[in-house]
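In what follows, a structure is listed as C-alpha cells, so that the remarks can point back to it.
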Amino acid sequence: AKARVVVIGGGIGGATVARYLAASATAIEVTLVEPRQTYATCFFSNLYLTGLRSFESLSHGYEALAKQYGIIVIHESAVAIHPAAKTVALNNGSKLSYDRLVVAPGIAFRDRAIKGYDEAAMEIMPHAWNAGQQTRLLRQQLESMEDGGLFVLVAPPNPFRCPPAPYERASLVASYFQRRKPKAKILILDAKDSFNAQDLFQDAWNRHYPGMIEWLPAQFTGGVTAIDAKTRSVITAGATFKAAVANVIPAQMAGRLAQLAGLANRSGWCPVDPVTFESALQPGVHLVGDAIIGGDMPKSAFCANSQAKACAFAIAADLTGSARFPAHLFNTCYTYLAPDDAFSNAISFKPVDGKLKSVISFVSKVEESSEVRRQAARAAEGWYDAFTHDVFG
Ligand code: FAD
C-alpha cells in the first residue's frame with residue numbers, strides 16, 4: 001500500500017508541502033485538509049486595501065492541486081490529532097489515518113492581549129491579518145472614511161506574521177489618502193520601540209507623505225492596553241485615541257490546532273528540527289510556516305514555501321528511500337513604500353547548532369535610486385505570479 005501523508009492547512013506552507021510531496025514521490029498518497037474553497041493571499045493584500053489590485057487577483061483555488069497532482073483535497077477543519085493512533089479527526093466526524101502528518105495552521109491571536117478586542121470588536125475594528133472578509137471590511141471602511149479622519153493602526157509585539165507588513169500597510173494607506181483624502185492622518189501605536197527596516201520606512205514617509213504618518217513607540221505610550229469598539233477608540237495607559245478607522249493587529253501565536261495538539265511550547269510557537277521540520281514535541285508530526293519557531297527566518301510566505309520544500313523532501317526520503325537533498329532555505333521579500341517605490345531583501349538560512357541562522361543577505365539601502373526602487377516594484381508583480389503558481393500549481 002502507498003504511504004499516506006496528511007497535510008493540515010492549505011495555506012502557503014501546507015499547499016507547498018502537498019504539491020512537492022505529490023510531485024516528488026508517486027508512492028505517497030497525499031491528503032490536504034483545508035476548510036476554505038479559496039485561499040486569499042495576505043501578501044499583496046495591502047495593494048488591494050488601497051485600490052491597487054482586485055480581490056480576485058489575490059484568490060487561489062485548489063483545482064490544480066487536485067487534478068494535476070492527484071492530491072486528495074478535503075474542505076473541512078481538523079479538530080484533533082491522535083499521534084498514538086496516527087489519526088486526525090475532522091469536524092464532519094470522519095477520521096483520516098496517516099503515516100506522516102504535516103501541520104501548517106498559520107497564526108492565531110492571543111486571547112485578551114488587548115482588553116475588549118473580541119470577535120465582535122474585530123467586525124468594527126478589523127485586524128485584516130488573515131486575508132479575506134477582514135481585508136474587504138477594512139477596505140470598505142477606508143473608502144467610506146471622511147477626508148480629515150484619523151486612521152489608527154495598532155502594531156503587534158514580536159514575533160508576528162510578516163515583520164514589515166504593518167508599516168507597508170501604513171505606507172500604502174498614506175498613498176491612497178494622498179490621492180483621495182489629503183487631509184487624513186495616520187497614527188501607528190506600536191507595541192515595540194523599533195521595527196523592521198525602520199530607516200527605509202521613515203525615509204520614505206518623509207519623502208512621500210510629509211506630516212501624514214505619526215509613529216508612537218511603546219516607550220512613549222506604554223502600548224495599547226484596551227479598545228472600546230462602541231466609540232472606535234484605542235486606549236493606552238495615558239491617552240485615548242478616537243479613530244475614524246482602526247486597524248488593530250493583536251499579539252500572535254501558532255494556530256489553534258497546534259496549541260490544542262500540544263505542538264506549541266510555552267512561547268506559543270512550535271519548536272521543530274531545522275532540517276526535517278519534524279516537531280520537537282511530537283515525533284511523526286512535521287510543522288512549517290508561521291506556526292514554527294524559525295530562528296532567524298521571519299514569518300513570511302516565502303519562508304513558509306522554502307521550509308515546505310525542505311520538509312517534503314525529508315518526508316519523501318524517509319517514506320520512500322528517495323535521495324536526501326540538502327535543504328536550501330531562503331527568504332526574498334518585496335515591500336511597497338509607495339506604488340512605484342519598493343524595496344527588497346534576499347537572505348539565505350542554514351541550521352547551526354539546531355537553530356536556523358541567516359547567512360548571506362542582500363538588503364535595500366536608503367540611498368538607492370528611485371529607478372532601482374521602481375524596478376523592484378515591477379519585479380514584485382512578476383514574483384507574485386511565479387510564486388503563487390509554485391504553491392497552488
Ligand atoms: P497561512 O497561509 O495562513 O495558511 C494557514 C492555513 O491553515 C489557512 O488556509 C487556514 O484556513 C488553515 N487552517 C488553520 N487551522 C486549520 C485546521 N484546524 N484545519 C484545517 N486547516 C486549517 N509574506 C511574504 O513572503 N511576502 C510578503 O510580501 C508578505 N506580505 C504580507 C502582508 C500582510 C498584510 C500580511 C498579513 C502577511 C504578509 N506575508 C508576506 C506573510 C504571509 O502571508 C504568511 O507568512 C504566510 O501566509 C504563512 O503561511 P502559512 O502556511 O504558515 O499560514
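Note: hydrogens, waters and symmetry copies are ignored here, and every other heavy atom, side chains too, is used. Since the structure is predicted, the reported quantities are computational estimates derived from the model, not experimental observations. Counting starts at 1 for both ligands and their atoms, following the listed order.
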For S45, the ligand 1 atoms with a heavy-atom partner under 4.0 Å come out as 34 (C)
So for N46 against ligand 1, with non-hydrogen atoms under 4.0 Å, the contacting part is side chain
Taking atom types as modelled, is there a side-chain donor on S364 or E368 under 3.5 Å from an acceptor on the other? yes
Tell me whether I213 shares a hydrophobic cluster with V154, the cluster being built from Ile, Leu, Val, Met, Phe, Trp, Tyr side chains joined at under 4.5 Å. yes
Hey, could you give me the OG1/CG distance between T335 and D341, rounded to the nearest 0.5 Å? 11.0 Å
With heavy atoms of V33 as the reference, note each atom of ligand 1 found under 4.0 Å away. 20 (C), 21 (N)
For K299, the ligand 1 atoms with a heavy-atom partner under 4.0 Å come out as 45 (O)
From atom 43 (O) of ligand 1, work out which of G9, G13, C42 has a heavy atom at the shortest distance. C42
Heteroatom distance test (Y39, ligand 1): nitrogen or oxygen, under 3.5 angstrom: yes
The protein heavy atom nearest to atom 27 (C) of ligand 1 is F43 CB, 3.3 Å
Per side-chain hydrogen bond (donor to acceptor under 3.5 Å, both in side chains), N247 is matched among R169, Q134, H127, Q141 by R169
Between F43 and F387, is the gap from one ring center to the other below 6.0 Å? yes
Any N or O on R161 sitting closer than 3.5 Å to an N or O of ligand 1? yes
Element-labelled atoms of ligand 1 that are located less than 4.0 Å from some non-hydrogen atom of A165: 32 (C), 33 (C), 34 (C)
P298 and C303, any side-chain heavy atoms less than 4.5 Å apart: yes
Kindly write out the residues that satisfy side-chain contact (heavy atoms from CB on, under 4.5 Å) with E278, not counting sequence neighbours, or none if the list is empty. T276, P283, H286
Considering only heavy atoms, which of V88, T335, D290 lies nearest to atom 45 (O) of ligand 1? D290
Straight-line distance of T240 OG1 to I235 CD1, nearest 0.5 Å: 5.0 Å
In terms of atom number and element, which parts of ligand 1 are under 4.0 angstrom from non-hydrogen atoms of Y334? 28 (O)
Quick one: is the NZ or CZ of R53 closer than 6.0 Å to the six-membered ring centre of Y384, and within 45° of its axis? yes
My understanding is that we take every heavy atom of each candidate and find the minimum distance to atom 4 (O) of ligand 1. Doing that for A78, G289, G11, S77, which one comes out nearest? G11
Which residue supplies the protein heavy atom nearest to atom 23 (N) of ligand 1, what is that atom called, and how far is it? A301 N, 3.0 Å
Within this structure, what is the CG-CG distance for the pair L189 and L153, rounded to the nearest 0.5 Å? 8.5 Å
Close-contact set for ligand 1 against A104 heavy atoms, below 4.0 Å: 5 (C), 6 (C), 7 (O)
Below 4.0 angstrom from a heavy atom of E34, which ligand 1 atoms are there? Numbered from 1 as shown, please. 6 (C), 7 (O), 8 (C), 9 (O), 10 (C), 11 (O), 12 (C)
Heavy-atom distance to atom 21 (N) of ligand 1: which of P35, P105, A15, G132 wins? P35
I need the nearest protein heavy-atom contact for atom 16 (C) of ligand 1: residue, atom name and distance, please. I8 CG2, 4.5 Å
Close side-chain approach of F151 to L142, heavy-atom, < 4.5 Å: yes
Numbered atoms and elements of ligand 1 in range of R169, under 4.0 angstrom, heavy atoms: 34 (C)
Would you check the N or O atoms of F302, main chain and side chain alike, for any that come under 3.5 Å of an N or O of ligand 1? yes
When you measure from atom 40 (C) of ligand 1 to every protein heavy atom, which one gives the shortest distance, and what is it? C162 SG, 3.4 Å
Under a 3.5 Å cutoff, is there a donor and acceptor pairing between the side chains of Y20 and D390? yes
With a 4.0 Å cut-off, strictly under, does atom 31 (C) of ligand 1 pick up any protein heavy atom? yes
May I ask you to check whether R36 has an N/O atom sitting below 3.5 Å from an N/O atom of ligand 1? yes
Mind checking whether F55 and Y48 have parallel, tilted or perpendicular rings, split at 30° and 60°? perpendicular
